[in-house]
Amino acid sequence: MTPITTSTPPLASLRAVTKTVVTGLRRRRVTILKGVDLTVGRGDVVGLVGPNGAGKTTTVKVLLGLMRPTTGEVDLAVEGLGDVGYLPENPYFYDYLSGREFLAFCGRLFGMGGRAAEERATELLADVGLTDAAGVHLRKYSKGMLQRIGIAQALVNDPQLVLLDEPMTGLDPIGRLEVKGIIQRLHDQGRTVLFNSHILADVEELCTGIAVMKAGRIVWAGTVERALAESPDGLEPFFMRVVGGDGASAPEATP
Amino acid sequence: MTQVAAIALNTFRETVRDRVLTVIALFALLMIVAGLWLGSISLEQGGRMMKDFGLVAVTAFGVIIAAFIAATLVRKEVEKRTVFVLFSKPVSRGGFVVGKFLGLAATLGVVVGGMGLFLFLMTLAVGGGASGMVLVATALIYLQVLTVVAVVVFFSTITSAILSSMLGLGVFVAGQLSHNVLSLSRIGAGAVTEAASWVVFVLIPNFSAVDVKAAAVGEQTVDWGAVALWGVYLVAYMTVALIGAAFVMRRKEF
């Protein structure tokens, strides 16, 4: 197992997790995860980085139970999905709902009553700067606004563990600053955050830990401090060195 | 339960805000009004003609709406990846299926109920012998429509939306004729054929057994005991279809 930090008890962990899927008409078996070991400590903010196709999104989906591991174990030290928040990559939501209706709907999925869900929706709309667009249908939202409403729905239940898949995608500089502020606030509140990202500068700025994935495996995990100690020039040269230069990786097909 | 209610309410919103539904419902009302014109050109049969034509319109449009909207209910959530939002929250797969079904059931309740009420009021207005039977017939049409929804929801978990719609419509048509299968098997076809006919008879919902359109226009009397029994059978049928859909959804990965 690869712990990110040693100072905090684990909140989420994957042990030797593999995931093989059958794809295409010829029923080809593709192994996406090839023995992922990862432990995220309580209160950590961890950046999961890696080239496209490395298995980052699959790792998050396995943590959430959206995909079942082929082998290996997944442990979440929280009370089920009621204590987890998730922002999918390139999120798409119900375009016939307004931002307020959507967030209230998400609140009710966590068992909130009508009024509590409405109040929570109002709070979150303010948090992500969408109060003015609260009554606008989601089909009229820009990509950045959708990303922000996506983050808001991930926080509806005030979760202990927040999983964000590419949270900065599609955001303008102001939007990025707001999302960074939200992640920082979550960290200050002692929440645990795991986010996938290609933007190493964000990881360096926001994270306490970093896990680097390549071809379905965690090839490096530790604190950002340690990564920077190994590579004083910043995380970019560190990342290039860890993933082997070109950064290219794709899931290997197995017979 | 809160989750199921939330999904049902969301599905209701989704479907009633769909402009296609509005257009189809308006067209259905136009067809019922057209029954008024048909009644006016038929000799002393105006009221009967209008009820007959109106109830057929309610059935046809109810089933068409059910088949085409139900087919996209689950598939759209998967294709547009909104299932990520739902299943990353404490929502069970079974609760999702039931919520979607109840949401569309509410929408169809409004549409089919609205059409039936409109027909009833029209028969009152033109003095064509309005009777509560029009409303009873509408309620039983609604039961048939709900069964089609459950069947289509099940098919949509295992195949494409268009194929699910077609299969749902196929089951509806077959269900109108299923009693004939049993009648045919009794014409000296042998024990094996008769047993096979029984299997087909049980597998395909017998919609004609709860069809009281003819009684509503005064052509037949109704054996209400049999109607109640077949009604219970249809409820059991849709329950099994929904359990099947929930089972398939539980096995799916996203």
Side-chain angles (χ1 to χ4, degrees), chain A residues 19-22 32 57-58 60-70 78-98 101-114 116-117 137-139 149-150 153-154 156-157 159 161-165, chain B residues 1-23 69 72-100 102-104 106-107 158-160 246-254:
Chain A
K19 180 65 194 173
T20 300
V21 295
V22 177
I32 304 169
T57 295
T58 305
V60 171
K61 284 184 180 176
V62 167
L63 263 174
L64 280 164
L66 291 173
M67 293 181 107
R68 287 179 286 274
T70 306
V78 290
E79 287 178 18
L81 290 175
D83 218 359
V84 179
Y86 171 56
L87 168 73
E89 186 182 7
N90 298 321
Y92 177 89
F93 304 118
Y94 303 98
D95 51 15
Y96 52 88
L97 293 182
S98 70
E101 286 172 340
F102 174 60
L103 292 180
F105 166 61
C106 291
R108 282 191 284 271
L109 292 181
F110 283 104
M112 290 180 192
H137 281 188
L138 294 179
R139 66 170 165 268
I149 204 83
Q153 64 79 32
V156 160
N157 52 330
L161 175 63
V162 184
L163 305 169
L164 307 171
D165 201 346
Chain B
M1 277 314 284
T2 315
Q3 287 87 344
V4 174
I7 292 169
L9 176 64
N10 194 39
T11 306
F12 179 73
R13 271 187 180 141
E14 173 185 6
T15 45
V16 296
R17 288 178 185 179
D18 191 337
R19 283 179 195 154
V20 175
L21 177 75
T22 315
V23 171
I69 295 186
T72 60
L73 275 185
V74 173
R75 288 224 76 83
K76 206 160 74 179
E77 297 262 11
V78 175
E79 281 162 14
K80 295 198 166 180
R81 296 180 299 152
T82 40
V83 281
F84 291 169
V85 174
L86 294 174
F87 295 148
S88 63
K89 296 178 171 51
V91 174
S92 71
R93 308 284 169 103
F96 167 73
V97 169
V98 173
K100 299 301 282 184
L102 291 178
L104 184 54
T107 304
I158 52 175
T159 185
S160 70
F247 179 75
V248 175
M249 284 302 287
R250 271 189 70 179
R251 295 174 59 85
K252 276 191 188 296
E253 293 187 302
F254 301 100

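Residue numbering restarts at 1 for every chain, and letters A, B, ... go by the order of the sequence lines.
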If we only count heavy atoms from C-beta on, is the A:Phe102 to B:Val85 side-chain gap below 4.5 Å?
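Contact flag for A:Phe102/B:Val85 side chains = yes.
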Less than 4.5 Å apart, any side-chain heavy atom of B:Asn10 and any of A:Glu101?
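The answer is no; the side chains never approach within 4.5 Å.
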Go through the atoms of B:Lys76 and report whether side chain, backbone, both or neither lie under 4.5 Å from a heavy atom of chain A.
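B:Lys76 has no heavy atom closer than 4.5 Å to chain A.
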Between [atom1] on residue [X] and [atom2] on residue [Y], distance to nearest 0.5 Å:
{"X": "A:Leu81", "Y": "B:Ser92", "atom1": "CG", "atom2": "OG", "value": "11.5 Å"}
{"X": "A:Tyr92", "Y": "B:Lys80", "atom1": "OH", "atom2": "NZ", "value": "3.0 Å"}
{"X": "A:Leu66", "Y": "B:Arg81", "atom1": "CG", "atom2": "CZ", "value": "12.0 Å"}
{"X": "A:Met67", "Y": "B:Lys252", "atom1": "CE", "atom2": "NZ", "value": "12.5 Å"}

Taking side chain as everything from C-beta outward and backbone as N, CA, C, O, which of these in [X] sits under 4.5 Å from a heavy atom of chain B? Side chain, backbone, both or neither.
{"X": "A:Leu87", "value": "neither"}
{"X": "A:Glu79", "value": "neither"}
{"X": "A:Asn157", "value": "neither"}

Between A:Gly85, A:Ala104, A:Gly111, A:Gly107, who has the most heavy-atom pairs with chain B when the cutoff is under 4.5 Å?
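The residue among A:Gly85, A:Ala104, A:Gly111, A:Gly107 with the greatest pair count is A:Gly111.
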Please find the pair of heavy atoms, one from B:Phe84 and one from A:Pro88, that lie closest to each other, and give the distance.
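Result for this residue pair: CD1-CB, 3.8 Å.
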With sequence neighbours excluded, residues passing ring pair (Phe, Tyr, Trp, His ring centres under 6.0 Å) with A:Tyr96
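With sequence neighbours excluded, A:Tyr96 shows a ring pair (Phe, Tyr, Trp, His ring centres under 6.0 Å) to A:Tyr94, given in chain and number order.
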Residues in side-chain contact (heavy atoms from CB on, under 4.5 Å) with B:Val91, at least two apart?
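Partners of B:Val91 under the side-chain contact (heavy atoms from CB on, under 4.5 Å) test: A:Leu109, B:Gln3, B:Ile7, B:Phe87, B:Lys89, B:Phe96.
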Tell me, with the steps shown, if B:Thr2 and A:Met112 meet side chain to side chain contact (heavy atoms under 4.5 Å, CB included).
CA-CA 8 Å; B:Thr2 315; A:Met112 290 180 192; over 6 Å; no
B:Arg250 atom CZ, over 12 foreign heavy atoms within 6.0 Å:
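No, not enclosed.
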